[in-house]
Amino acid sequence: MSPAIDRDPPQWGDTADFSRTSRWATEASPAKVRGTASKKHVLRDLPRDWILQLWRSVRPDHKYRDAIAVLSLSPSRPGEVVPGDRPCGFSQGIIVALDTKGRLVLANRPLKSHGGKYGMAQSAVKIDVAAEWPIAEYLAQRCREQGSKFVVAVGSSDALAKAIKRVGRRAFPQGPTITPYVLRSQRLADAKAAFGAGEKTALAAGHCTDRTQSRYVNVEF
């Protein structure tokens with residue numbers, strides 16, 4: 001205790017000097033600026049084809065190969081791959097299907113915030129398989145094997161996130177750390193680059209409004 005007493009001696013018989021700024025104010029941690037920890041900032045440290053490089057590090061027999069493929073192509077959250085109740089109903093996970101034009105469709109019931117007040121009841125993205133080869137072709141082939149549609153689901157979003165981090169370390173041993181939200185940020189950045197900051201990008205993100213897009217993603221490429 002003596003170091004603390006020496007630094008802040010009791011004011012016995014003295015008058016406290018209130019003209020100086022309190023140490024509690026000067027040494028307190030600064031307030032966290034909103035968005036500074038966002039995974040969108042990691043994209044600047046990654047090469048243009050980083051998702052493809054990540055995919056090449058996923059073993060063919062990887063337990064979460066389907067889930068990693070889904071998160072590599074759509075801006076879904078890791079929790080949305082886990083079956084469970086949503087404010088808008090029960091979700092099986094991510095539904096992967098081929099439409100009549102051969103496009104890949106990834107659909108889900110997004111996790112909604114604030115007790116179900118914000119967010120969409122359902123969200124889906126359509127993907128040109130040729131444009132997103134080989135990840136999209138992998139899922140397309142899985143659809144063909146399952147009769148044009150199947151569900152991707154995992155038991156734990158934390159386990160999935162840890163698996164993606166491990167794959168990321170193999171692909172990028174010098175960093176940065178890859179998480180499911182880095183994948184989400186990249187796909188939203190791609191959507192913004194393709195469609196602009198509007199309704200289509202908000203729909204892909206599972207947002208009920210396009211007013212907050214500047215907060216969750218920037219166009220990186």
Side-chain angles (χ1 to χ4, degrees), residues 32-84 93-94 96 104 106-108 110-111 113 123-125 127-129 131-142 151-194 201 204-207 212-221:
K32 188 175 182 179
V33 178
R34 181 183 176 90
T36 54
S38 172
K39 297 304 181 184
K40 67 184 180 181
H41 303 299
V42 176
L43 302 183
R44 302 188 184 101
D45 300 324
L46 289 164
R48 182 182 295 271
D49 65 342
W50 74 268
I51 290 182
L52 180 57
Q53 292 185 41
L54 181 77
W55 177 249
R56 288 170 178 162
S57 294
V58 181
R59 299 187 309 272
D61 61 344
H62 198 289
K63 177 181 179 180
Y64 296 112
R65 187 171 174 84
D66 288 353
I68 294 173
V70 164
L71 295 182
S72 295
L73 294 180
S74 76
S76 297
R77 302 170 180 87
E80 291 165 355
V81 193
V82 180
I94 307 292
V96 183
L104 201 63
L106 308 180
N108 72 307
L111 292 167
S113 61
S123 178
V125 293
I127 297 167
D128 182 340
V129 174
E132 294 289 349
W133 185 90
I135 308 175
E137 175 55 34
Y138 166 77
L139 288 177
Q141 182 58 34
R142 293 278 288 116
V151 177
V152 176
V154 302
S156 167
S157 59
D158 287 341
L160 174 58
K162 290 177 182 177
I164 290 175
K165 286 182 181 180
R166 288 193 292 269
V167 173
R169 284 195 291 270
R170 288 199 297 270
F172 307 103
Q174 304 303 316
T177 299
I178 305 299
T179 72
Y181 282 95
V182 177
L183 288 164
R184 174 173 163 83
S185 291
Q186 181 63 68
R187 298 318 295 186
L188 289 174
D190 294 342
K192 254 192 170 182
T201 301
H207 288 245
T212 58
Q213 290 184 47
S214 63
R215 295 181 181 177
Y216 60 74
V217 69
N218 288 332
V219 176
E220 296 292 335
F221 302 121

*Counterpart residues, side chain to side chain contact (heavy atoms under 4.5 Å, CB included), relative to Glu137 (two or more places apart)*: Val129, Trp133, Ala140, Gln141, Arg144
_Beyond-backbone contact of Thr179 with Lys165, side-chain heavy atoms, under 4.5 angstrom_ = yes
*Grab the two heavy atoms, one from Ala136 and one from Leu104, that are nearest each other, plus how far apart they are.*
O-CD2, 3.9 Å
*Please examine the side chains of Trp50 and Leu43, heavy atoms only from C-beta on, and report whether any two atoms are closer than 4.5 Å.*
yes
*Measure the OG-CZ distance between Ser74 and Arg187 for me, rounded to the nearest 0.5 Å.*
8.5 Å
*Check whether any side-chain heavy atom of Phe172 sits under 4.5 Å from a side-chain heavy atom of Pro47, and report yes or no.*
yes
*Stepwise, does the side-chain contact (heavy atoms from CB on, under 4.5 Å) test hold for Val81 with Ser157?*
CA-CA 7 Å; Val81 193; Ser157 59; over 6 Å; no
*Can you tell which of Leu71, Val154, Val70 makes a side chain to side chain contact (heavy atoms under 4.5 Å, CB included) with Tyr64?*
Val154
*Does the cation-pi check pass for Arg65 over Tyr138, that is, NZ or CZ under 6.0 Å from the six-membered ring centre and within 45° of its axis?*
yes
*Rounded to the nearest 0.5 Å, what separation is found between the CD atom of Glu132 and the CG atom of Leu52?*
10.0 Å
_Exam field: side chain Arg184 to backbone Ser76, donor-acceptor pair closer than 3.5 Å_ = no
*How many angstroms lie between CD1 in Ile178 and CD in Gln53, if you round to the nearest 0.5 Å?*
10.0 Å
*Atom CD1 of Ile127 and atom CG of Leu73: how far apart are they, to the nearest 0.5 Å?*
4.5 Å
*Please test Asn108 against Ser123 for side-chain contact (heavy atoms from CB on, under 4.5 Å), starting from the C-alpha separation and ending with a verdict.*
CA-CA 6 Å; Asn108 72 307; Ser123 178; 4.0 Å; yes
_What verdict does the side-chain contact (heavy atoms from CB on, under 4.5 Å) test give for Ile51 and Gln186, after you've listed the backbone C-alpha separation in whole Å, the side-chain angles of each residue and the deciding distance to 0.1 Å?_
CA-CA 9 Å; Ile51 290 182; Gln186 181 63 68; 3.7 Å; yes
*Please examine the side chains of Arg77 and Pro180, heavy atoms only from C-beta on, and report whether any two atoms are closer than 4.5 Å.*
no
*Find the distance between CD1 (Ile68) and CD1 (Ile135) and round it off to the nearest 0.5 Å.*
10.0 Å
_Measuring only between side-chain heavy atoms, which start at C-beta, is Asp66 closer than 4.5 Å to Arg142?_
yes
*If we only count heavy atoms from C-beta on, is the Ser156 to Val82 side-chain gap below 4.5 Å?*
no
*asked:* Once rounded to the nearest 0.5 Å, what's the spacing between atom CH2 of Trp55 and atom CG of Asp49?
replied: 15.5 Å
*Carefully, step by step, assess Leu183 and Leu54 under the rule side-chain contact (heavy atoms from CB on, under 4.5 Å).*
CA-CA 10 Å; Leu183 288 164; Leu54 181 77; 4.0 Å; yes
